[in-house]
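Proteins get letters first, then strands, A, B, ... in listed order; numbering begins at 1 in each. Only heavy atoms go into these numbers, but all of them, side chains included; no hydrogens, no water, no symmetry mates.
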Number of protein chains: 2
Amino acid sequence: MAIQDNRIKIAFVDDHPLITQGLKTLLERDDQLDIVGLFDNGASFLEFIVGHEVDVVLLDIGLPDINGMELCKQIKTENPGVVIILLSNHTERSIILQTMQNGANGYLLKNASLPKLKEAIFKAIAGQIVYSEEVSQILSQPSQKQLQGIPKLTKREMEILQFIAEGKTSGQIAAELYLSVLTVDTHRKNLMQKLEVKNAAELIRAAVQHQLLS
Amino acid sequence: MAIQDNRIKIAFVDDHPLITQGLKTLLERDDQLDIVGLFDNGASFLEFIVGHEVDVVLLDIGLPDINGMELCKQIKTENPGVVIILLSNHTERSIILQTMQNGANGYLLKNASLPKLKEAIFKAIAGQIVYSEEVSQILSQPSQKQLQGIPKLTKREMEILQFIAEGKTSGQIAAELYLSVLTVDTHRKNLMQKLEVKNAAELIRAAVQHQLLS
DNA sequence: TTATTTCTACCTAGTTTTAGGTATTTTGGG
DNA sequence: CCCAAAATACCTAAAACTAGGTAGAAATAA
């Protein structure tokens with residue numbers, strides 16, 4: 001143990017002890033892997049990582065103190081070189097996408113086999129983003145929800161939508177575009193009608209969902 | 001030509017003729033691949049796909065008539081089985097993520113080598129999501145922009161934020177939560193202060209950027 | 001060159017939000 | 001038990017938004 005080794009240093013963060021213990025035992029058999037820590041909450045891991053070197057974090061989403069996706073983001077911010085693989089049971093597309101948004105290097109479902117997990121670890125270290133088959137499948141199918149009823153906005157409406165999203169009032173928008181406030185209000189009304197919403201707040205939410213905002 | 005074959009049927013949609021022509025020539029040399037069409041705009045491809053079988057679409061983002069991401073979504077909706085690989089020069093993280101959101105099976109930069117492209121095609125058909133190295137690199141680094149200044153919201157504030165995003169008025173929220181309207185307004189104010197925005201519309205946009213909304 | 005859409009602008013009046021505070025009561029940790 | 005944070009509630013007045021129209025000019029597509 002006193003010898004310096006170049007095994008892959010792995011940490012688990014998962015509040016399900018059966019999972020972590022089991023995985024630890026299984027992975028430890030591989031002499032390329034070194035399990036450097038098990039954590040059942042995000043805070044203790046964040047403390048740990050300050051003083052210790054970690055190559056790969058296997059992360060669950062459902063942690064008691066902090067959301068796994070949020071934790072992923074934090075780890076990456078402090079420690080960009082660390083490879084983070086989500087190990088989760090969640091199959092919701094939006095959750096998977098959100099982990100990607102937070103810089104995760106991979107997403108596996110917990111039913112993944114041991115060889116698959118090892119393969120994923122090695123691939124991720126090599127720079128790849130890794131998904132298990134089911135996850136790839138889920139990702140490759142855009143959610144129907146956001147697809148239906150794509151309202152067509154005119155150029156002007158898009159422009160004004162942008163301004164609204166930036167928190168500008170009708171008056172400010174009118175001034176910037178050399179329009180009457182009344183005109184801007186008309187566009188506002190039409191936007192809300194097209195997206196079938198009741199006010200500006202809901203308008204922005206709908207616009208985001210339809211990817212109408214940069 | 002009259003013989004039925006099981007080569008992979010590939011279509012290009014890219015308005016840069018040099019790219020498509022060159023790639024066509026290169027890929028045609030592989031007798032597992034069958035280039036069934038070149039298109040320089042989205043509309044003509046959408047017509048084509050109605051009557052023809054296509055296994056893989058190589059898609060550019062900058063098309064004259066329709067945004068490539070939008071096209072991706074449409075193709076997938078009509079034709080879920082088709083594999084779509086984006087071939088693009090865009091390295092912005094948000095763009096890559098958006099293509100993923102739209103169900104793309106892969107994203108390669110145009111500087112990818114021919115072997116890499118072929119490999120990507122085969123992997124994607126096998127069900128994997130494929131990224132080129134640079135893309136993986138970009139994805140694994142969360143954008144700093146959205147990370148700074150994560151304001152902590154209280155439980156109640158989160159709750160009310162949700163309602164605001166749903167287009168509810170302070171009155172409606174108050175009624176649902178058995179609160180005074182004045183209280184809801186106070187929470188509103190605090191929310192806007194914490195996220196440093198001027199009104200409800202901007203509040204929702206900021207909340208989305210900080211991933212505070214489901 | 002029509003026909004249609006888009007953009008522009010207006011009216012009225014009610015509703016809602018926002019800004020600037022203050023202040024009491026719960027709640028949750030330590 | 002005590003303290004800090006959170007949640008509740010209030011006041012006033014201005015500003016902004018929303019709903020329900022109508023309608024002429026300008027741009028675009030057929």
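Look at NZ on A:Lys152: it is 15 Å from C1' on D:dT28, rounded to the nearest Å. We find that CD1 of A:Ile160 is positioned 12 Å from P of D:dC17, with the value rounded to whole Å. Between the C1' atom of D:dA6 and the NE2 atom of B:His187 lies a distance of 8 Å, rounded to the nearest Å. The distance between atom CG of A:Leu203 and atom P of D:dC17, rounded to the nearest whole Å, is 12 Å. Rounded to whole Å, the distance from CG on B:Leu177 to P on D:dA9 is 11 Å. With rounding to whole Å, A:Ile204 atom CD1 is found 14 Å from D:dC17 atom C1'. At whole-Å resolution of the value, CG in B:Asn190 and P in D:dA5 are 14 Å apart. Counting to the nearest Å, the C1' atom of D:dA7 and the CG atom of B:Leu191 are 13 Å from each other.
Side-chain polar atoms of B:Tyr107 and B:Ser88 form a donor-acceptor pair below 3.5 angstrom. Of the N and O atoms on the side chains of B:Asp14 and B:Thr20, not one donor lies less than 3.5 Å from an acceptor on the other residue.
Under the 4.5 Å side-chain criterion, counting only non-hydrogen atoms from C-beta, B:Asn89 is not in contact with B:Ile61. Considering only heavy atoms from C-beta on, B:Ile121 comes within 4.5 Å of B:Ile10 through its side chain. Using a 4.5 Å heavy-atom cutoff, the side chains of B:Val184 and B:Leu177 are not in contact.
Nearer to the 5' terminus of DNA chain C, by closest-nucleotide assignment, is the contact made by A:Lys194 (compared with the other of A:Lys194 and A:Tyr178). Summary of the strand contacts: B:Val181 and B:Thr154 both lie near DNA chain D, and taking for each the nucleotide with the nearest heavy atom, the more 5' one is attributed to B:Thr154.
Under the 6.0 Å cut-off for aromatic ring centres, A:Phe39 and A:Phe12 do not qualify, their centroids lying 6.0 Å or more apart.
Side-chain proximity of A:Arg156 to the nucleotides D:dT8, C:dT8, C:dA9 is greatest for C:dT8.
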Protein-nucleotides 27-30 of chain C N/O pairs under 3.5 Å:
none

Protein-nucleotides 11-20 of chain C N/O pairs under 3.5 Å:
| from | atom 1 | to | atom 2 | distance (Å) |
| --- | --- | --- | --- | --- |
| C:dT17 | OP1 | B:Arg188 | NH1 | 3.4 |
| C:dT17 | OP1 | B:Arg188 | NH2 | 3.2 |
| C:dT17 | OP2 | B:Ser170 | N | 3.1 |
| C:dT17 | OP2 | B:Ser170 | OG | 3.2 |
| C:dT18 | OP1 | B:Ala200 | N | 2.7 |
| C:dT18 | OP2 | B:Arg188 | NE | 3.2 |
| C:dG20 | O6 | B:Lys189 | NZ | 2.5 |

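To the nearest 0.5 Å, atoms CG (B:Leu97) and CE (A:Met100) are separated by 9.0 Å.
For C:dA9, the OP1/OP2 oxygens have a side-chain nitrogen or oxygen of A:Thr183 closer than 4.0 Å.
Ionic pairing of A:Glu166 and B:Lys198 is not present here: no N-O contact between side-chain nitrogen and carboxylate oxygen is shorter than 4.0 angstrom.
Under the salt bridge (Lys or Arg N to Asp or Glu O under 4.0 Å) criterion, no residue pair touches residues 44-59 of chain B, with sequence neighbours excluded.
For A:Thr186 and C:dC7, a side-chain-to-base donor-acceptor distance below 3.5 Å is absent, hydrogens and geometry of angles not being considered.
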